[in-house]
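Right, one structure below, let's go through it.
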Amino acid sequence: MDKPLHGRPDEIVGRCFKPVPSNGVCTRLGDKWTVQVLWRLSVAHGKRLRFSALKSEIDGITQRMLTLALRNLERDGLVARHYFPEVPPRVEYELTEMGAGILSALEGLNFWIQDNLPRIEESRRAYDDAGQ
């Protein structure tokens with residue numbers, strides 16, 4: 001198994017990033033809402049949230065998009081759905097162990113974005129100003 005790509009750029013040369021073949025996971029994590037749903041569930045008091053609480057805590061998400069995000073996360077095993085046959089019925093969502101495990105990878109990406117966002121924005125401005 002290859003070593004993780006950590007360290008200075010000159011230490012990384014010679015090792016190769018080998019992406020996992022396309023399987024939809026990166027696409028799922030790259031959509032507009034998935035990471036926000038994972039984050040809200042990760043900071044939930046008691047670690048479970050009802051659908052309505054999730055919807056109210058994620059600014060701008062529609063009922064349909066939240067439903068799709070939750071179904072996809074449940075299908076991938078990152079979120080568990082708990083149904084309570086009450087009147088009215090109650091449904092709660094929580095991260096699974098695997099769902100909680102992805103948070104450290106997302107945290108690393110988030111730190112990288114924070115560290116590099118000014119440079120990315122400058123590159124975008126330069127590219128746009130050059131009329132590309």
Side-chain angles (χ1 to χ4, degrees):
M1 182 168 195
D2 293 333
K3 294 179 181 178
L5 297 177
H6 298 293
R8 297 186 327 256
D10 59 319
E11 294 172 336
I12 295 173
V13 173
R15 290 188 285 168
C16 183
F17 169 72
K18 296 177 184 173
V20 175
S22 179
N23 53 29
V25 175
C26 287
T27 301
R28 173 104 49 250
L29 295 174
D31 75 27
K32 184 174 181 177
W33 303 111
T34 297
V35 172
Q36 291 184 57
V37 171
L38 292 170
W39 174 69
R40 290 308 314 162
L41 288 170
S42 76
V43 297
H45 179 69
K47 299 300 178 190
R48 283 189 185 180
L49 282 177
R50 293 180 73 166
F51 183 94
S52 59
L54 270 169
K55 186 171 181 318
S56 68
E57 292 182 16
I58 301 174
D59 190 39
I61 195 167
T62 64
Q63 182 170 333
R64 174 167 168 64
M65 293 313 297
L66 179 55
T67 298
L68 288 173
L70 288 166
R71 283 182 186 164
N72 288 327
L73 288 166
E74 183 181 7
R75 180 175 182 255
D76 288 346
L78 302 176
V79 168
R81 180 181 185 268
H82 302 278
Y83 175 78
F84 301 91
E86 304 168 346
V87 178
R90 178 171 49 108
V91 179
E92 295 178 347
Y93 297 89
E94 70 177 329
L95 292 178
T96 62
E97 183 179 333
M98 188 167 49
I102 201 166
L103 296 173
S104 62
L106 293 172
E107 181 180 52
L109 180 59
N110 195 52
F111 286 139
W112 181 89
I113 291 169
Q114 288 174 347
D115 290 345
N116 290 284
L117 190 55
R119 292 173 55 199
I120 292 168
E121 290 171 339
E122 178 55 34
S123 292
R124 288 175 178 173
R125 278 191 296 277
Y127 183 91
D128 293 346
D129 290 347
Q132 299 290 330

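Side chains are part of it too, since the values below use all heavy atoms of this structure and drop only hydrogens, waters and symmetry mates.
- Taking CD of Glu57 as the reference point, atom CZ of Arg40 lies at 4.0 Å (rounded to 0.5 Å).
- Side-chain contact check for Leu29 versus Ile102: some heavy-atom pair is nearer than 4.5 Å.
- Note: Arg90 CZ to Arg50 CZ = 6.0 Å, rounded to the nearest 0.5 Å.
- Here Thr67 contributes atom OG1 and Asn72 contributes atom CG; the two are 11.0 Å apart, rounded to the nearest 0.5 Å.
- Residues Tyr93 and Leu49 form no side-chain contact, since every pair of their non-hydrogen atoms from C-beta on lies 4.5 Å or further apart.
- The minimum heavy-atom distance linking Ser56 with Ala53 is given by the pair OG-O, 3.0 Å.
- Between the CZ atom of Arg28 and the CG atom of Leu38 there is a distance of 10.5 Å, given to the nearest 0.5 Å.
- A distance of 10.5 Å separates CD in Glu92 from CG in Leu54, rounded to the nearest 0.5 Å.
- Hydrophobic clustering keeps Ile61 apart from Trp39 (ILVMFWY residues linked when any side-chain heavy atoms are closer than 4.5 Å, directly or through intermediates).
- Counting heavy-atom neighbours within 6.0 Å of Arg75 CZ, excluding the residue itself, gives a total of 12 or less.
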Tabulate below the donor-acceptor pairs under 3.5 Å that side-chain atoms of residues 110-121 make, not counting sequence neighbours, or state none.
{"residue": "Asn116", "atom": "OD1", "partner": "Arg119", "partner atom": "NH1", "Å": "3.3"}
{"residue": "Asn116", "atom": "ND2", "partner": "Trp112", "partner atom": "O", "Å": "2.9"}

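- Both Met98 and Val25 are part of a single hydrophobic cluster, where members link through side-chain heavy atoms under 4.5 Å apart.
- Counting heavy-atom neighbours within 6.0 Å of Arg71 CZ, excluding the residue itself, gives a total of 12 or less.
- Judged by distance alone, the side chain of Lys47 and the main-chain N or O of Ser42 form a donor-acceptor pair under 3.5 Å.
- For CD of Glu86, the number of neighbouring non-hydrogen atoms (other residues, nucleotides, ligands) closer than 6.0 Å is greater than 12.
- Between Leu78 and Leu95, every side-chain heavy-atom pair lies at or beyond the 4.5 Å cut-off.
- Residue Tyr83 is grouped with residue Leu41 when hydrophobic side chains (ILVMFWY) are merged at heavy-atom distances under 4.5 angstrom, including chains of intermediate members.
- Among all heavy-atom pairs drawn from Ile58 and Val37, the shortest one is CD1-CG2, 3.7 Å.
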